[in-house]
2 protein chains.
Amino acid sequence: MGARETREEIVAAADDLFYRQGFDHTSFADIAGAVKLSRGNFYYHFRTKDEILDAVIDRRLEATRAMLAGWAAEGASPVARIECFVRILIMNQIRIMAYGCPVGTLCQELAKLDHAARARAADVFALFRDWLTAEFEALGAGDEAGALALHVLGWSQGTAALANAFKDEVFVRREVDGMCAWLAAQARRLARARR
Amino acid sequence: MGARETREEIVAAADDLFYRQGFDHTSFADIAGAVKLSRGNFYYHFRTKDEILDAVIDRRLEATRAMLAGWAAEGASPVARIECFVRILIMNQIRIMAYGCPVGTLCQELAKLDHAARARAADVFALFRDWLTAEFEALGAGDEAGALALHVLGWSQGTAALANAFKDEVFVRREVDGMCAWLAAQARRLARARR
DNA sequence: GTCTATATAGTGATAGAC
DNA sequence: GTCTATCACTATATAGAC
């Protein structure tokens, strides 16, 4: 097999394992086993664990950009597009209840490890923040857009954290509905202010 | 030194290290070093790492009960008492920006490790949830109390998660103000409904 | 590009002297 | 109650054969 394809298989497997088991708790042997490679051969593709982490973060940044671009095309209005973001809590509910939010949990783990890649992991959060900010600007939020974006992002993070701790589907549904209602209220308020 | 005191020193050191470095990443050697014990002697006090974790969770449960009891005595009204909870985001801001919320991060790590103590770690969350629920009931929220409690708890979790990722003090301040304003609005709404 | 074999360091955990 | 010495295991990482 070509080195390029093998490398990508490794990164995909590492991405999944880092999410489900955590970065520190996932060994080279785990990843090598998942792609059916010997540990020796593994080092031909990646020399250090930090190199794999960098590649995984790159992959997540790219996947996030693609997802955000998809929502931008899918939603007819800023409200509809922001609702796409909110709904990932429902769409990924089972995985979130089991393993938490992939973005938030990696950031938190790297913070505890005091890892050099900590800032790059937070860049995934920044992609969401900037995308949401642009949508709130399109809604006419002006200077307020950044604050509204962080509020929605934080709200969804908190919902994911408690979904993981309590495994309460009703809670998740209720918070998502609350977010959508809040979003509609903000849209009305901003529309009034614009007149 | 008495075994009791040594044991408590170990648990206090482990509590701190588990918070700052994570449970899995903290070794026996780290804890033994922090309390200036040899690793051999260490095993006289705790036979397994899971035993230390159990003791740390017990300690956190006890500390949380004491804190909640303190707030119950301190605040003159349910709103004032719930504001005590909200303000821990400000009081512990520096540590939260560095290491996240102690409760949330331990729950998330144990979830990834698929650790047996996962449910007991979530019990600390449950203490906050039940205390907040009782306060919202005192505010006249009735059946709604549990949902309002989880909403505040989730909001503070999300704020802690993003505070850790972005280290943005202005954001934390703004969300805390937002929580207090939301709380006041809920109190007004419930007071109206009671009339 | 893939493998086996191996070096080195750290882990949780135990035994037994003092 | 505290220590040193040690065990079995796993981790990252390397060397070199094929």
Side-chain angles (χ1 to χ4, degrees), chain A residues 1-57 106 109-110 112-118 120-121, chain B residues 1-59 106 109-110 112-118 120-121:
Chain A
M1 198 183 329
R4 187 120 245 162
E5 290 96 10
T6 305
R7 197 189 145 95
E8 261 163 48
E9 270 187 55
I10 291 173
V11 176
D15 191 348
D16 183 53
L17 286 167
F18 288 175
Y19 175 45
R20 280 168 30 222
Q21 307 185 342
F23 166 70
D24 198 50
H25 197 65
T26 299
S27 69
F28 277 14
D30 289 337
I31 306 168
V35 290
K36 291 180 175 64
L37 275 182
S38 71
R39 266 175 322 209
N41 184 16
F42 193 90
Y43 280 85
Y44 173 81
H45 299 280
F46 287 97
R47 308 178 79 82
T48 69
K49 205 175 170 184
D50 291 353
E51 245 178 75
I52 305 176
L53 179 60
D54 269 342
V56 166
I57 294 175
L106 183 64
E109 183 180 2
L110 297 185
K112 300 240 178 201
L113 301 181
D114 199 21
H115 195 285
R118 181 184 181 174
R120 290 197 67 233
Chain B
M1 197 181 334
R4 186 120 246 161
E5 290 97 3
T6 304
R7 196 189 146 94
E8 262 163 50
E9 268 186 59
I10 290 172
V11 177
D15 191 347
D16 183 53
L17 285 168
F18 288 176
Y19 175 44
R20 280 166 33 219
Q21 308 185 345
F23 166 70
D24 198 51
H25 196 65
T26 299
S27 68
F28 277 12
D30 290 336
I31 306 169
V35 290
K36 290 179 176 63
L37 276 182
S38 71
R39 263 176 321 180
N41 184 16
F42 192 91
Y43 280 85
Y44 173 79
H45 299 280
F46 288 97
R47 308 177 79 82
T48 69
K49 203 175 172 183
D50 291 353
E51 245 180 73
I52 306 176
L53 179 60
D54 270 342
V56 165
I57 293 174
D58 282 339
R59 182 187 153 89
L106 183 65
E109 182 180 2
L110 296 184
K112 300 240 177 200
L113 300 180
D114 200 22
H115 195 286
R118 181 184 180 176
R120 291 197 66 236

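Since this is a predicted model, take the numbers as computed values, not measurements. Letters A, B, ... are given to chains in the order of the sequence lines, protein chains preceding strands, and every chain is numbered from 1.
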Quiz prompt | B:E9 and B:L37, any side-chain heavy atoms less than 4.5 Å apart | solution =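 They are not in contact (no side-chain heavy atoms under 4.5 Å apart), so the answer is no.
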Quiz item: Does any non-hydrogen side-chain atom of B:V56 lie less than 4.5 Å from one of B:L106?
Solution: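 No, every pair of side-chain atoms sits at 4.5 Å or beyond.
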Quiz item: Does any pair with a residue in residues 23-43 of chain B pass salt bridge (Lys or Arg N to Asp or Glu O under 4.0 Å), and if so which ones, sequence neighbours excluded?
Solution: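 For residues 23-43 of chain B: none.
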Quiz prompt | Residue pairs fulfilling salt bridge (Lys or Arg N to Asp or Glu O under 4.0 Å) with at least one residue in residues 43-55 of chain B, sequence neighbours excluded | solution =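 Qualifying pairs: B:D54-B:R120.
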Self-check item: Minimum-distance nucleotide to B:H45 side chain [options: C:dC3, D:dG1, D:dT2]
Solution: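 The closest nucleotide is D:dT2.
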If you restrict it to nitrogen or oxygen atoms, what contacts under 3.5 Å exist between nucleotides 9-12 of chain C and the protein, and what is each distance?
unit_1	atom_1	unit_2	atom_2	d
C:dT11	OP1	B:S27	OG	3.3
C:dG12	OP1	B:K49	NZ	3.3
C:dG12	OP2	B:F28	N	2.9

Quiz item: Can A:L113 and A:F23 be said to form a side-chain contact (heavy atoms from CB on, under 4.5 Å), step by step?
Solution: CA-CA 10 Å; A:L113 301 181; A:F23 166 70; 3.8 Å; yes
Let me know the distance between [atom1] of [X] and [atom2] of [N], rounded to the nearest Å.
X	N	atom1	atom2	result
A:N41	D:dA15	CG	P	16 Å
B:Y44	D:dA5	OH	P	22 Å
B:R4	D:dG1	CZ	C1'	15 Å
B:E9	D:dT2	CD	C1'	14 Å
B:F42	C:dT14	CZ	C1'	15 Å

Any N/O pairs under 3.5 Å between the protein and nucleotides 16-18 of chain C? List them or say none.
none

If every non-hydrogen atom of [X] is compared with every non-hydrogen atom of [Y], which pair is closest and at what distance?
X	Y	result
A:E109	A:H25	OE2-N, 4.4 Å
A:H45	A:T6	NE2-CG2, 3.4 Å
B:L110	B:A121	CD1-CB, 3.7 Å

Quiz item: Can you check whether B:G2's main-chain N or O pairs, donor with acceptor, with B:E5's side chain at less than 3.5 Å?
Solution: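 Yes: the side chain of B:E5 pairs with the backbone of B:G2.
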Residues 10-22 of chain A, side-chain donor-acceptor partners within the protein, below 3.5 Å, at least two apart:
unit_1	atom_1	unit_2	atom_2	d
A:D15	OD1	A:R60	NE	2.8
A:D15	OD1	A:R60	NH2	3.0
A:D15	OD2	A:R59	NE	3.0
A:D16	OD2	A:R20	NH1	2.3
A:Y19	OH	A:R95	O	3.2
A:Y19	OH	A:G100	O	2.6
A:Q21	OE1	A:T26	OG1	3.2

Exercise. Scan residues 50-59 of chain B against DNA chain D and write down, sorted by residue number, each residue with any heavy atom closer than 4.0 Å; if none is found, say none.
Key: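 Those residues: none at all.
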Quiz item: Do the two ring centres, one from B:F28 and one from B:F46, sit under 6.0 Å apart?
Solution: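 Here the rings of B:F46 and B:F28 have centres that are no less than 6.0 Å from each other.
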